[in-house]
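Heads up: the structure comes next, in structure tokens.
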Protein chains: 2
Amino acid sequence: MQCLCETCVADLNTGKTMTTQQKHVTIQHIAERAGVSISTVSRVFNDSAGVKESKRQAVMDAAAALDYRPNLFAQGLASGQSMSVGVLTQNFGSAFYDGILRGIIAGLDNSNYAPLFADGRWRLDIEERALQTLLDRRVDGLILVGPQQSADLLKQLAQKMPIVIISRIVEGFEKFCLTVDNYDAGYRATKYLLDRGHHQIAHITGVLSESRVLRDAADRFAGYRDALLDVGLEPDPDLIVEGNFRTQSGLLAIETLLSRGRPFSALFVANDQMASGVRLGLYRRGIRVPDDIALIGFDDQPHSAYMIPPLTTIRQPAEEMGSIAAEAILNQLDDKPFSLPTMSAELIIRESVKSIY
Amino acid sequence: MQCLCETCVADLNTGKTMTTQQKHVTIQHIAERAGVSISTVSRVFNDSAGVKESKRQAVMDAAAALDYRPNLFAQGLASGQSMSVGVLTQNFGSAFYDGILRGIIAGLDNSNYAPLFADGRWRLDIEERALQTLLDRRVDGLILVGPQQSADLLKQLAQKMPIVIISRIVEGFEKFCLTVDNYDAGYRATKYLLDRGHHQIAHITGVLSESRVLRDAADRFAGYRDALLDVGLEPDPDLIVEGNFRTQSGLLAIETLLSRGRPFSALFVANDQMASGVRLGLYRRGIRVPDDIALIGFDDQPHSAYMIPPLTTIRQPAEEMGSIAAEAILNQLDDKPFSLPTMSAELIIRESVKSIY
DNA sequence: CGGTTGATTGAAAACGCTTTCTATGGTAAT
DNA sequence: ATTACCATAGAAAGCGTTTTCAATCAACCG
């Protein structure tokens, strides 16, 4: 890979060997070797204008021979584009986010854009910095998953670049939001229990508090409530406990639920993680699932299929959402129309719910 | 935030308003506003040379007033540095990786470097592209978690920039590798079972095949074998099954193990995911844990504490490894000495192992 | 008091690419 | 054969920083 064109030799002589020459082949080197100007080289790579086939080929050959890789910094500086889209999540480690990322990677796969990942770890300050990192890198588009930023900031961002917001609805901004219909999913989960003959159905919710920007917990809860109402059942406050989506809180919640002494035969838990905690709590008390209590979760985490017993749950189409988001960003980038559907979740029937009649 | 210095007004008049002026404040604008040259502004931000306090302050004020953010592309181009370190994992979604990422984020937190994440999804081709993305962005350092690249390539990379490799040992390159002592961990897991009175201990390994660059499975297995040997027990091939680290393979493995008909009272599984599969297999057969079979896993995934029963397992100090890796990179970047210890894993005792005497 | 020295500062040259703007040649039209 | 027009290329001007080089100024030395 030792090039001996003028430029390279000049580099060698000036002692730049170990830096420029060895380290980075530039458009200069290619131009020299192919016997054309750098403008032409640039044109070839961007096919931004007609270049005679012979030169084109020469450039391609030179580039291949020298293993040329454009300097993104230079490109970005000159063109004002970074050819990357920023992806901000809250927790790389969760199955739902992981699925989304997978979808995004796939969706961006044969575009010229590369994803740039950052993670907020559910902490506003970290999220802010992560976002800043992305912005500093001048991403051309942004996919935000469950962002906790203010609606104003989000709208402001949208002014400057294509954006897609997953798992959160920002008022007056629905066009850019991609969500799952949590209400419907909650409704259906509850309905499923009702249909199996259960009438006393408890619910452990996610984080509900007012200030919360993310409405998933509230929507699932509303679905639960309405499903009950629709069959003439009054939701019983004693059968409802607020959790915080974490495993531990499921354990706690089932304790308080049980301690209230109100009987129930089925339990709808707002996510699988908490369901996992619930399951342990039940096990500790010697309460069997599904014989004594039917259990239904939400999310279909990978290990839910391996719970004892395998958990009936609601699956969000994470991967599909990721690729839809990617596609939408790409379209926005191309000034093409796009639309983000409200996704619907799927009931995954396994073994944690038994019918009683 | 409307600036009326010469530069900005000029921008306004030339109609650059909606792009340059609104979009990006440059060092130019600051210089103008603070009444100094751009060189001085640059010096202030990098405190690369003495600048009189009065000017320094003026620059800072101007920067604050205009909400200046340096253009990383320009900085990168000019300085040859990107002030970022690339982090390549195999699967954002796994708890182990997630812990590492958390550690890295924390470790880089008060440095000037920002992490840039990419994920190989356990597929060599994707990993290659992800790495390329990182390289193209001219990261100043690289943290690779369980990379599958050839040793040659890794060494080559190390020539060019600081590097830390987690979870893989590259021969003759140990200085840059940060690993957990899997052999010791495997040994201790087995020893624990032995100490509880178990003599017929089965083992489900991870991916073992020769070509495999990652040795974790083989090391855990070797630890298992030697622990047995050390108490005078001959490892029984009929009690050993090779899995592939995935949940499903745990289920399969326990089936074949059981079908061989050789009795065993305890089972060491090379990771928690497979243990999860095993658990389900056992449940299906009505075999109780820990009463009929003692179970011990590896990794301490978050949900392992909530398995039925809670799983005794080995915890790798993921988060700590992440921050150690970050620190090592930072030190290399500063030309300071660094060293990567071999981490040792911790036995987490829960309820899936019962003593038999 | 002229010349040094050191601390500050500005001018200008990179950095590697994109993108006008111009120039060149050839081809089609008159 | 002229003129007009295209297609193709090169020159050169940025893009927003850093960094080298040179210049200015004041305090300091003998």
Side-chain angles (χ1 to χ4, degrees), chain A residues 7-8 10-11 14-16 19-21 23-59 62-63 66 68-83 112 136-138 140, chain B residues 7-8 10-11 14 16 19-21 23-32 34-59 62-63 66 68-83 112 136-138 140:
Chain A
T7 314
C8 297
D11 283 0
T14 42
K16 287 164 82 181
T19 52
T20 308
Q21 209 260 147
K23 230 169 176 172
H24 296 305
V25 179
T26 76
I27 211 179
Q28 261 290 2
H29 300 240
I30 311 267
E32 198 89 25
R33 194 178 227 255
V36 300
S37 74
I38 62 165
S39 325
T40 299
V41 177
S42 172
R43 279 192 271 258
V44 169
F45 291 134
N46 305 300
D47 47 42
S48 50
V51 172
K52 203 184 290 176
E53 184 54 28
S54 62
K55 306 218 172 195
R56 199 190 126 68
Q57 206 38 254
V59 168
L66 298 184
Y68 169 73
R69 299 241 97 210
N71 181 323
L72 283 199
F73 288 165
Q75 283 191 156
L77 185 55
S79 71
Q81 298 199 297
S82 64
M83 299 315 285
N112 291 316
D136 282 349
R137 283 181 173 62
R138 298 287 197 272
D140 298 321
Chain B
T7 314
C8 297
D11 283 1
T14 45
K16 288 163 81 181
T19 53
T20 308
Q21 210 261 145
K23 228 166 175 173
H24 297 305
V25 178
T26 76
I27 211 179
Q28 261 290 1
H29 300 239
I30 312 265
E32 197 90 24
V36 299
S37 74
I38 62 166
S39 325
T40 300
V41 177
S42 173
R43 279 191 271 260
V44 169
F45 291 134
N46 305 300
D47 46 43
S48 51
V51 173
K52 202 183 290 175
E53 183 54 27
S54 61
K55 304 216 173 200
R56 198 189 126 67
Q57 207 36 255
V59 169
L66 298 183
Y68 170 72
R69 300 241 94 210
N71 182 323
L72 283 199
F73 288 164
Q75 284 191 157
L77 185 55
S79 71
Q81 299 199 300
S82 64
M83 300 313 285
N112 291 316
D136 282 348
R137 283 183 174 60
R138 299 288 196 271
D140 298 322

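Treat the numbers as computed from the prediction; the structure is a model and nothing was measured. A, B, ... follow the sequence lines: proteins, then strands. Residue 1 opens every chain.
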Requested in this report: Report the distance from atom CD of A/Q75 to atom P of C/dT19, rounded to the nearest whole Å.
Outcome: 10 Å
Report summary line: dist A/T40:OG1 -> A/I27:CD1 (nearest 0.5 Å) comes out at 9.5 Å
Report task. Please report how far the helix from C/dC1-D/dG30 to C/dT30-D/dA1 bends, comparing the axis fitted to its first five pairs with the axis fitted to its last five, to the nearest 10 degrees. Result -> 50°
Query raised in the report: So which nucleotide from D/dA9, C/dT19, D/dT18 ends up closest to the side chain of B/I27?
Result: D/dT18
Report summary line: Judged by nearest nucleotide, the residue sitting upstream toward the 5' end of DNA chain C, B/R138 or B/I38, is B/I38
Query raised in the report: In whole angstrom, what separates B/Q28's CD from D/dG14's P?
Result: 12 Å
Requested in this report: Round to a whole Å and report the spacing from CD1 of A/I30 to C1' of C/dT18.
Outcome: 16 Å
Report task. Indicate, with a heavy-atom threshold strictly under 4.0 Å, whether A/V36 touches base, sugar-phosphate, or nothing. Result -> sugar-phosphate
Query - base_contact_polar (D/dA11 base, A/S37 side chain, donor-acceptor, <3.5 Å) - result: no
Requested in this report: Using a 4.0 Å heavy-atom cut-off across all strands, classify B/F45 as base, sugar-phosphate, or nothing.
Outcome: nothing
Query raised in the report: In whole angstrom, what separates A/L72's CG from D/dC15's C1'?
Result: 15 Å
Query - Under-4.0 Å side-chain N/O to phosphate OP1/OP2 contact, A/N71 with C/dC15 - result: no
Query - For the student: nearest non-hydrogen atoms of A/F73 and B/R138, plus distance - result: CE1-CB, 3.9 Å
Requested in this report: Check whether the side chain of B/R43 and the base of C/dG10 form a donor-acceptor pair under 3.5 Å.
Outcome: yes
Query raised in the report: Taking for each residue the nucleotide of DNA chain D bearing the nearest heavy atom, is the 5' side occupied by A/V51 or by A/A74?
Result: A/V51
Requested in this report: May I have the distance from B/M83 (atom CE) to D/dT18 (atom C1'), rounded to whole angstrom?
Outcome: 13 Å
Requested in this report: Identify which nucleotide among C/dT18, D/dT8, D/dT18 has an atom closest to any side-chain atom of B/S79, counting heavy atoms from C-beta outward.
Outcome: D/dT18
Query - Residue pair B/R56 / B/V59, side-chain heavy-atom distance below 4.5 Å - result: no
Report task. Assign A/T40 to base, sugar-phosphate, or nothing according to its heavy-atom contacts below 4.0 angstrom with the strands shown. Result -> sugar-phosphate
**Report entry** Where A/V36 and A/K55 come nearest, the two heavy atoms and their spacing
**Finding:** CG1-CD, 3.7 Å
Query raised in the report: Which residue, B/E53 or A/V41, contacts DNA chain C at a nucleotide closer to its 5' end, judged by nearest heavy atom?
Result: B/E53
Query raised in the report: OP1 or OP2 of C/dT9 less than 4.0 angstrom from a side-chain nitrogen or oxygen of B/K55, does that happen here?
Result: yes
Query raised in the report: Quick one: A/R56 CZ to D/dT8 C1', roughly how many Å, whole number?
Result: 14 Å
Query raised in the report: Between B/S39 and C/dT9, does any side-chain N or O lie under 4.0 Å from OP1 or OP2?
Result: no
Query raised in the report: Which of the following nucleotides, D/dT17, C/dT19, D/dG14, is nearest to the side chain of A/A78?
Result: D/dG14
Requested in this report: Round to the nearest Å and state the distance from A/D47 atom CG to D/dT8 atom C1'.
Outcome: 15 Å
**Report entry** Nearest-0.5 Å distance that lies between atom CD1 in A/I38 and atom CZ in A/R43
**Finding:** 10.0 Å
Query raised in the report: Do the non-hydrogen side-chain atoms of A/L77 and B/N71 ever get within less than 4.5 Å of each other?
Result: yes
Report task. Would you give the length of the straight line joining atom OG of A/S37 to atom CD of A/E32, rounded to the nearest 0.5 angstrom? Result -> 11.5 Å
Query - Non-hydrogen side-chain atoms of A/D136 and B/R69 separated by less than 4.5 Å - result: yes
Requested in this report: Send over the distance from A/F73 CZ to C/dG16 P, rounded to a whole Å.
Outcome: 12 Å
